[in-house]
There are 2 protein chains.
Amino acid sequence: MSAQKASAQLNAMQSRIRDLLARADKPLSAYDVIDGLRDHGRVAPPTVYRALQKLIDEGLAHRLETRNAYVVCRDGGHVCGHRHRAGFMICRTCGRTLEFGDEEIERLLGGAAARSGFVAERVAIEIQGLCATCASLPDANGA
Amino acid sequence: MSAQKASAQLNAMQSRIRDLLARADKPLSAYDVIDGLRDHGRVAPPTVYRALQKLIDEGLAHRLETRNAYVVCRDGGHVCGHRHRAGFMICRTCGRTLEFGDEEIERLLGGAAARSGFVAERVAIEIQGLCATCASLPDANGA
DNA sequence: TTGACGGATGTTATAATATATCGGTAGCCT
DNA sequence: AGGCTACCGATATATTATAACATCCGTCAA
């Protein structure tokens with residue numbers, strides 16, 4: 001399948017971590033990943049961090065800066081492998097994270113940067129709040 | 001003076017840290033702050049983290065999520081004390097950080113969130129790249 | 001006055017996140 | 001084969017952050 005093409009470049013560790021992130025419905029910290037791989041024997045932090053970096057470089061995963069956590073890249077719910085900028089909406093209650101890309105936001109941010117002569121290389125947009133489901137539950141708000 | 005009103009609520013530790021951040025021309029990590037206060041005797045991490053949180057709550061400082069670092073809030077180059085959302089442009093070479101607020105970006109982000117029923121509470125926008133000065137130096141780019 | 005309470009601050013210890021550095025292994029060129 | 005390089009993994013340690021508990025200080029009722 002063509003969807004598997006990008007993963008052909010991944011080694012066993014990288015594939016396992018990508019699968020683990022894909023199965024999770026929430027962002028995983030690097031140490032969550034280490035725990036999730038414990039049935040393959042002990043894995044040391046640098047191994048995981050390097051694999052995560054590889055996945056990020058390949059556009060297969062993203063790092064959430066506000067959470068120190070990692071998610072598989074999903075574009076409209078599908079795992080995707082092309083490098084792109086993205087924003088995230090992260091629910092503070094259930095942790096589920098929605099990825100979005102907004103051309104217009106990108107354009108405006110580029111404009112804001114250009115006005116001061118700043119050369120943008122990496123853009124992080126992360127919105128914390130309540131997802132639609134958690135917002136409808138009474139105890140997520142005040143209580 | 002009205003500009004001093006907000007700082008009237010700060011205790012000695014909080015004021016010292018705010019001044020330290022204001023004097024720095026780059027974001028400081030919490031441990032940079034601890035080092036910067038060493039002439040006042042040893043200060044423990046929780047003391048600094050609590051003071052930083054207070055400054056953030058008062059709108060006098062911001063946390064840079066992509067750097068694990070803190071800056072005094074500047075609005076157009078002036079220290080300001082009103083609570084507001086802000087974006088940052090962080091130079092990867094010199095570390096200097098420009099704060100910007102863009103109403104339109106805020107509005108678009110709100111729209112992106114609302115489309116999926118997400119209730120936005122906190123928005124982090126951080127652009128990494130090269131500031132105008134560093135971009136003009138040849139060795140900042142490729143070499 | 002005084003002592004019970006509560007909030008802010010300080011201290012000790014430790015948790016959570018991340019990386020420097022070194023050694024091994026496999027491809028690859030000559 | 002020998003040696004070079006690039007990747008890979010392990011040990012150790014650095015960096016960032018917080019939990020848990022102690023202390024101080026102001027308030028207020030008796």
Side-chain angles (χ1 to χ4, degrees), chain A residues 6-18 20-21 24 26-58 60-71 88 90 92 95 97 122 124 126 128, chain B residues 6-18 20-21 24 26-58 60-71 88 90 92 95 97 122 124 126 128:
Chain A
S7 53
Q9 305 167 24
L10 303 181
N11 68 19
M13 179 63 70
Q14 290 156 3
S15 296
R16 281 204 296 266
I17 292 177
R18 191 196 55 164
L20 189 63
L21 290 176
K26 302 195 293 190
L28 299 182
S29 74
Y31 284 76
D32 289 339
V33 171
I34 289 172
D35 291 345
L37 295 172
R38 68 196 170 291
D39 52 338
H40 296 282
R42 197 183 106 86
V43 183
T47 302
V48 167
Y49 280 100
R50 278 195 288 234
L52 286 169
Q53 190 56 55
K54 169 76 171 180
L55 293 175
I56 290 166
D57 290 345
E58 296 294 331
L60 294 165
H62 298 285
R63 171 180 164 82
L64 299 182
E65 301 289 348
T66 56
R67 289 290 189 109
N68 297 327
Y70 303 83
V71 288
F88 299 93
I90 307 163
R92 70 163 152 82
T97 297
R122 212 152 61 79
E126 298 182 20
Q128 313 273 334
Chain B
S7 52
Q9 305 166 21
L10 302 182
N11 67 19
M13 179 62 72
Q14 290 154 4
S15 296
R16 280 204 297 266
I17 291 176
R18 192 196 53 163
L20 190 63
L21 290 176
K26 304 194 292 189
L28 299 182
S29 75
Y31 284 76
D32 289 339
V33 171
I34 289 173
D35 290 345
L37 295 173
R38 68 199 170 289
D39 51 339
H40 297 281
R42 195 185 107 85
V43 183
T47 301
V48 167
Y49 280 101
R50 280 194 287 235
L52 287 169
Q53 189 57 54
K54 169 75 171 181
L55 294 175
I56 290 166
D57 290 345
E58 296 295 330
L60 294 165
H62 298 285
R63 172 180 162 83
L64 300 183
E65 301 288 349
T66 54
R67 288 289 189 108
N68 298 328
Y70 303 83
V71 289
F88 299 92
I90 307 163
R92 72 164 150 83
T97 297
R122 211 154 61 79
E126 298 182 21
Q128 313 272 334

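Everything numeric in this text was worked out from a predicted model, so none of it was measured. The sequence lines fix the lettering, A, B, ..., with proteins before strands; numbering per chain opens at 1.
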In short, B/Leu21 meets B/Ala61 closest at the heavy-atom pair CD1-CB, 4.2 Å

Separation of D/dA10 atom P from A/Leu37 atom CG, nearest Å, is 12 Å

Quiz item: Are any side-chain N or O atoms of A/Arg38 and backbone N or O atoms of A/Asp35, one a donor and one an acceptor, separated by less than 3.5 Å?
Solution: yes

- Message: Could you walk me through whether A/Asn11 and A/Lys54 satisfy the side-chain contact (heavy atoms from CB on, under 4.5 Å) test, starting with their C-alpha distance in whole Å, then the side-chain angles of each, then the deciding distance to 0.1 Å, before giving a yes or no?
- Response: CA-CA 10 Å; A/Asn11 68 19; A/Lys54 169 76 171 180; over 6 Å; no

Rounded to whole Å, the CG-C1' distance (A/Asp32 to C/dA16) equals 11 Å

*asked:* With a cut-off of less than 4.0 Å, is there a side-chain N or O of B/Ser29 near OP1 or OP2 of D/dT15?
replied: no

Does B/Arg50 form a side-chain contact (heavy atoms from CB on, under 4.5 Å) with B/Met13? I'd like the steps, not just the answer. CA-CA 10 Å; B/Arg50 280 194 287 235; B/Met13 179 62 72; over 6 Å; no

Ranking C/dT11, C/dA18, D/dA10 by distance to the side chain of A/Pro46, first place goes to D/dA10

A/Arg42 has its side chain closest, among D/dA17, C/dT9, D/dT11, to D/dT11

So, does B/Asn68 get its side chain near the phosphate of D/dA17, meaning an N or O under 4.0 Å from OP1 or OP2? yes

Between CD1 of A/Ile34 and P of C/dA16 the distance, given in whole Å, is 12 Å

Taken to the nearest whole Å, CD/B/Gln53 to C1'/D/dA17 is 12 Å

Quick one: does B/Asp32's side chain have a donor or acceptor within less than 3.5 Å of a partner on B/Ser29's backbone?
yes

Closest of D/dA17, C/dT11, C/dT19 to the A/Tyr49 side chain is C/dT19

Exercise for the section: Establish whether the base of C/dA15 is bridged to the side chain of A/Tyr31 by a donor-acceptor pair shorter than 3.5 Å. Expected result: no

Here the distance between atom C1' of C/dA8 and atom CE of B/Met13, to the nearest Å, is 13 Å

Separation of D/dT16 atom C1' from B/Arg63 atom CZ, nearest Å, is 8 Å

Query - Under-4.0 Å side-chain N/O to phosphate OP1/OP2 contact, A/Asn11 with D/dC7 - result: no

The nucleotide from D/dA17, C/dA18, D/dA20 with an atom nearest the side chain of B/Tyr70 is D/dA17

Rounded to whole Å, the CZ-P distance (B/Arg50 to D/dC24) equals 15 Å

note: B/Arg67, atom CZ; C/dT17, atom C1'; distance rounded to Å ~ 17 Å

